[in-house]
Amino acid sequence: MTMEKPTGPRTVALVGPYSSGKTTLLESMLHICGEISRKGKVDDGSTIGDSADEARQRKMSVEVNSAHFSFMGDDFYILDCPGSVEFMQESRNVLSAVDAAVLVCEPDPDRNVTLLPILKLLEENDTPTFIFVNKVDRAKGSVHTLFQSLEEVSNRDLVLRQMPIVNDGTVTGYVDLASERAYVYKDGQASKIIDMPPEVAEMEGTSRFTMLETLADYDDHLMEELLEDIEPQHEEIYELLQQDLQKGFLVPIFLGAADSDHGVRRLLKALRHEVPSNEKTAERAAIEIGEDRTIAQVLKTYISAQGGKLSLVRIWSGTISDGDAFEAGRVSGLVRLQGAQQEKLDRASAGEVVALGRMEALRTGDFLTSDGVEPIASRLSVFEPVFDFSLFAERREDDVKLSAALAKLNEEDPSLIAEHRQETQELLLRGQGEIHLSVALERLKSKYGLSVTHSEPKVAFKEAIRKGTVHHARFKKQSGGHGQFGDVKIEIKPLPRGEGFQFSETVVGGSVPKQFIPAVENGVKDYLGAGPLGFPVVDISVTLLDGQHHSVDSSENAFRSAARIAMSEGMPNCSPVLLEPVCKVEIAMPATFTSKVNGIVSSRRGQILGFDAREGWHGWEVLSAMMPEQELRGLIIDLRSATQGVGTFRAEFDHLQELTGALAERIVEQAGSGH
Ligand SMILES: Nc1nc2c(ncn2[C@@H]2O[C@H](COP(=O)(O)OP(=O)(O)OP(=O)(O)O)[C@@H](O)[C@H]2O)c(=O)[nH]1
Ligand SMILES: [Mg+2]
């Protein structure tokens with residue numbers, strides 16, 4: 001058996017929960033590989049990974065950042081993804097186009113539930129995945145407890161590749177289970193090889209055997225060797241480790257502390273030997289590559305006020321040169337990114353991640369192809385919004401500018417959606433949470449000079465009536481030449497919920513001439529925009545029973561006014577009642593949090609309909625409920641705080657429901673005061 005090391009540039013995404021140390025790990029890698037002479041710190045806002053102002057201020061990543069380095073002659077492109085669930089779209093956009101991902105997590109077994117959403121994305125994309133357990137300097141408890149807790153959340157098999165060496169409760173080094181060598185960590189330097197400490201030798205033996213057994217599950221030859229007590233060759237083990245990672249069977253676990261460079265070189269070596277090459281990944285992604293065909297996929301769009309639009313692409317096939325013309329436009333500037341720094345290139349080729357300037361027609365998720373034949377459809381799917389703001393430009397004359405800026409923000413981040421809501425006449429900004437939206441507001445200000453205010457979106461309340469009435473009204477005016485005269489008798493009746501509005505007439509003998517009847521209907525409709533409680537009226541029928549006309553003074557306008565008067569005088573006698581929109585809501589969470597979530601739903605006037613297992617999500621449940629739209633405001637905040645951030649929901653309008661009592665009175669009062 002001879003193992004071949006993959007060749008060519010490789011792209012690796014750093015993913016994982018919020019604040020686990022991805023950006024710090026990237027900084028360490030760049031330092032080790034000589035790309036930066038001094039390591040920056042997230043807390044000082046000086047890292048390559050957190051290059052955006054919004055990220056530096058918050059000491060957290062808010063968008064994907066690209067960097068590159070060369071390690072022992074191999075080129076790597078690293079995509080440092082934000083960990084916050086509110087920015088998970090960024091990971092989603094890149095995971096279909098990376099050769100592998102490093103899932104960076106913390107050594108705390110209780111926090112592993114936060115890995116679930118990202119593990120799911122990795123599985124959906126068949127992304128070869130490494131786990132890097134970071135911050136081992138703070139680890140408490142045994143590595144086996146940690147391993148078991150990771151096994152609980154992973155659908156793929158895990159293999160522990162390193163055993164920690166612990167001194168006085170601190171991890172001071174590791175044993176590499178494949179090579180069976182022991183090392184001590186050296187701050188800012190490569191770890192130093194040492195003799196196997198006797199106290200870890202026994203544990204090492206057991207852990208190594210567990211690793212081999214797991215590998216043997218996927219390989220008969222190794223299984224035979226283990227059964228016959230034959231010591232397998234190191235070469236064989238390395239080959240299986242590489243194969244099983246690339247096929248997505250196994251997820252290897254490495255240990256380290258990024259801020260001291262501990263374990264980072266070991267991780268880089270594993271990446272170098274095990275991350276598949278461009279051809280392999282293209283095969284996995286079902287992309288047909290060929291030298292004479294250029295294919296590139298857009299992973300991210302950056303738009304800056306001065307620099308214009310930059311499309312970050314992974315080149316799958318062929319080459320791209322500055323100035324190349326595609327259907328989506330001409331490449332005007334080809335650069336390689338190191339965080340915010342740009343390095344001009346003339347040309348880039350398959351396996352590389354570069355940014356193309358001013359490709360105006362290109363969107364995140366799009367494929368750029370040279371031949372225009374069989375365009376590959378965008379593979380992007382976008383998270384549904386769970387939080388929204390109602391937006392207003394502080395200066396009215398900025399309205400048009402605001403729409404244009406929002407469209408650009410959406411290009412940069414497809415999960416940030418602006419939409420006009422007809423029902424409440426509002427501009428809504430919708431996304432994944434409060435931080436997500438507040439970062440967007442900051443960008444509106446800093447990039448586009450737009451000051452906006454925001455408020456909670458309105459709820460589209462309606463009103464209906466509980467009983468009917470018959471009402472007569474006359475509109476009469478005598479002024480100068482023509483007078484105006486219209487006279488109607490109408491019957492107003494409630495309709496069952498959901499029936500909307502019906503108009504009919506039973507006029508006999510032409511007391512209201514035929515040509516004026518549509519005007520009567522229009523007069524009724526004029527009124528329906530705001531009933532006695534101040535909200536649009538639904539579920540009523542109005543019948544024109546009778547009326548009077550005048551041969552000279554009657555007109556469409558006169559009848560329209562008469563009808564409107566009849567409605568506004570008659571409706572208050574019909575027991576008006578407030579209707580609130582109720583949504584069918586599905587809340588997904590790990591089953592361990594279900595009872596907490598039940599409490600949230602009940603306290604928000606929800607009616608639980610039932611529970612189901614979440615398809616494809618081991619250990620998760622979906623709670624179905626009916627909840628008033630008003631109660632969905634801020635629901636995601638409560639849900640996340642009850643579920644370590646992983647709970648989520650979707651809601652869809654279901655029906656309108658009567659609302660009475662103190663709550664209804666308050667809503668009517670507030671609406672009235674707003675007029
Ligand atoms: N003790 C310890 N702290 C670390 C280590 N690595 C990173 N940190 C700290 O953890 C915090 C978060 O680090 P980041 O690198 O921003 O984590 P991240 O995963 O990029 O965070 P997001 O991108 O916001 O999800 C910072 O305060 C780091 O200094 C480590 O190995 N040990
Ligand atoms: Mg980060």
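We count ligands from 1, going down the list as the structure has it; atoms in each ligand are counted the same way. These values consider heavy atoms only, across backbone and side chains, with no hydrogens, waters or symmetry-generated copies. We're numbering straight along the sequence, starting at 1.
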Worksheet item: Does Tyr183 have its ring centroid less than 6.0 Å away from the ring centroid of Tyr174?
Response: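 Tyr183 vs Tyr174: aromatic centres under 6.0 Å.
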
Worksheet item: Which of the atoms in ligand 1, numbered in the order shown and given with their element, are less than 4.0 Å from a heavy-atom of Tyr18?
Response: 24 (O), 25 (O)

Worksheet item: In ligand 1, which numbered atoms sit nearer than 4.0 Å to a non-hydrogen atom of Gly83?
Response: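 Counting from 1, the qualifying ligand atoms are 22 (P), 23 (O), 25 (O).
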
Closest non-hydrogen protein atom to [atom], residue and atom name please, with distance?
atom	result
atom 30 (C) of ligand 1	Asp259 OD1, 3.1 Å
atom 8 (N) of ligand 1	Lys135 CE, 3.6 Å
atom 17 (O) of ligand 1	Gly21 N, 2.9 Å
atom 23 (O) of ligand 1	Ser61 OG, 2.7 Å
atom 27 (O) of ligand 1	Asp43 OD2, 3.0 Å

Worksheet item: Do Gln57 and Asp53 pass the side chain to side chain donor-acceptor pair (under 3.5 Å) test, and can you show the C-alpha distance, the side-chain angles, and the key distance before you say yes or no?
Response: CA-CA 6 Å; Gln57 276 162 27; Asp53 284 342; 5.5 Å; no

Worksheet item: After noting the C-alpha distance and the side-chain angles of Asn112 and Ser149, does the key distance pass the side chain to side chain donor-acceptor pair (under 3.5 Å) rule?
Response: CA-CA 7 Å; Asn112 285 339; Ser149 73; 2.5 Å; yes

Measure the [atom1]-[atom2] distance between [X] and [Y] for me, rounded to the nearest 0.5 Å.
X	Y	atom1	atom2	value
Thr11	Phe76	OG1	CZ	9.5 Å
Arg10	Glu274	CZ	CD	10.5 Å
Gln148	Ser142	CD	OG	7.5 Å

Just to be sure I read this right, does ligand 1 sit under 4.0 Å from the backbone of [X], its side chain, both, or neither, counting only heavy atoms?
X	value
Asp80	neither
Met60	both
Asp137	side chain

Item to complete: Examine ligand 1 and decide if any of its atoms is less than 4.0 Å from a heavy atom belonging to Asn134.
Response: yes

Response to the item:
The ring pair (Phe, Tyr, Trp, His ring centres under 6.0 Å) partners of Tyr77 (sequence neighbours excluded) come to none

Worksheet item: Nearest heavy atom to atom 19 (O) of ligand 1: which of Glu106, Glu63, Glu90, Lys22 does it belong to?
Response: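 Comparing heavy atoms across Glu106, Glu63, Glu90, Lys22, the nearest one to atom 19 (O) of ligand 1 lies in Lys22.
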
Worksheet item: Out of Ser84, Ser19, Ala257, whose heavy atom is nearest to atom 22 (P) of ligand 1?
Response: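 When every heavy atom of Ser84, Ser19, Ala257 is considered, Ser19 comes closest to atom 22 (P) of ligand 1.
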
Worksheet item: Do you know which of Val597, Leu116, Thr114 makes side-chain contact (heavy atoms from CB on, under 4.5 Å) with Thr643?
Response: Val597

Discussion item. Here's a test for you: under side-chain contact (heavy atoms from CB on, under 4.5 Å), which of Ser61, Cys81, Ser28 qualifies with Thr23?
Written reply: Ser61

Worksheet entry | Cationic N near anionic O, under 4.0 Å, Lys39 to Glu27 | no

Worksheet item: Would you call Arg284-Asp126 a salt bridge at under 4.0 Å N-O?
Response: no

Item to complete: Given side chain to side chain donor-acceptor pair (under 3.5 Å), test Thr214 with Asp157 step by step and report yes or no.
Response: CA-CA 8 Å; Thr214 314; Asp157 280 336; over 6 Å; no

Ligand 1 N/O within reach of [X] N/O, cut-off under 3.5 Å:
X	answer
Thr24	yes
Val42	no
Gly16	no

Discussion item. Determine whether Gln89 and Gln432 satisfy the following criterion, side chain to side chain donor-acceptor pair (under 3.5 Å), listing intermediate values before the conclusion.
Written reply: CA-CA 9 Å; Gln89 185 68 41; Gln432 296 301 309; over 6 Å; no

Practice prompt. Kindly assign one of parallel, tilted or perpendicular to the pair Phe254 and Phe130, based on the angle between their ring planes and the thresholds 30° and 60°.
Written response: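 It falls in the tilted class, 30° to 60°.
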
Item to complete: Determine how many protein N/O/S atoms sit closer than 2.8 Å to the Mg ion (ligand 2), leaving waters out since they are not shown.
Response: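 That number is 2, waters not included.
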
